[in-house]
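First comes the structure, then the notes that go with it.
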Amino acid sequence: MVTTAAALILFVFLASNVGRALLEPDRGPCNPLRHSPAVPVSPIQILLAGALGVVYTILICCALHGLIYTLAFHLAWASVIVIPAVLLIACLTAWRNVRLWSYQSEEYAELLQENRNELDEIERLKKMRLPNSSWDHSQR
């Protein structure tokens, strides 16, 4: 009974996350001080989202095993509907997570490049300083 309640709560959180992801535009993490980078969709992201979706589905189905077994016992077609619905919601949630990770990695790469440029500028300014010449010391 406790496992079923926990699984239902997890399912509701998952469904609300998917609903929010569908309503919000796919812009990544919002920071009003920085522009959101455009991150293209890559095959790695699709594969990772699919693998995570399958893992999420397995975890949810294991947690909902008692409920699915009860539904399948009374309604033979319930598991045919519940499992694909869980898979769809899990894949959408996994896709949202993968896209957020992509945005965060792109933002991190931009910050890293900015820091490198800053360090390069400091080194360039250090090299521009002229060394003291012997003539400067003789005028004192």
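Every heavy atom of this structure was used, including side-chain atoms; hydrogens, water molecules and symmetry mates were not.
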- Message: I want to check something: taking the side chain as every heavy atom from C-beta on, are Leu125 and Met128 in contact at a cut-off of under 4.5 Å?
- Response: yes
- Message: If hydrophobic clusters are built by linking Ile, Leu, Val, Met, Phe, Trp and Tyr wherever their side-chain heavy atoms come under 4.5 Å apart, do Ile60 and Ile58 end up in the same one?
- Response: no
- Message: Side-chain heavy atoms nearer than 4.5 Å, only ILVMFWY residues, links allowed to pass through others: does that put Ile9 and Phe11 together?
- Response: no
- Task: Nearest 0.5 Å please: distance from the CG atom of Leu52 over to the CD atom of Gln45.
- Result: 12.0 Å
- Query: Listed by chain and number, what are the side chain to side chain donor-acceptor pair (under 3.5 Å) partners of Arg124, not counting sequence neighbours?
  - Reply: Glu121
- Note on the structure: Residues passing the side chain to side chain contact (heavy atoms under 4.5 Å, CB included) test with Ile46, sequence neighbours excluded, are Val41, Trp95
- Roughly how far, to the nearest 0.5 Å, is CZ of Arg96 from CG of Leu100? 4.5 Å
- Query: Roughly how far, to the nearest 0.5 Å, is the CG atom of Leu112 from the OG atom of Ser105?
  - Reply: 12.0 Å
- Task: Determine whether Tyr56 and Leu92 fall in the same hydrophobic cluster, where Ile, Leu, Val, Met, Phe, Trp and Tyr are linked whenever their side-chain heavy atoms lie under 4.5 Å apart.
- Result: no
- Message: If you compare all heavy atoms of Ala94 against all heavy atoms of Ala49, which two are closest, and at what distance to 0.1 Å?
- Response: CB-O, 3.3 Å
- Item | Nearest non-hydrogen partners of Ala90 and Thr57, listed with the distance | CB-OG1, 3.4 Å
- Message: Please enumerate all residues that pass side chain to side chain donor-acceptor pair (under 3.5 Å) together with Glu123, with sequence neighbours excluded.
- Response: none
- Transitively linked via ILVMFWY side-chain contacts under 4.5 Å: Leu88 with Leu10? yes
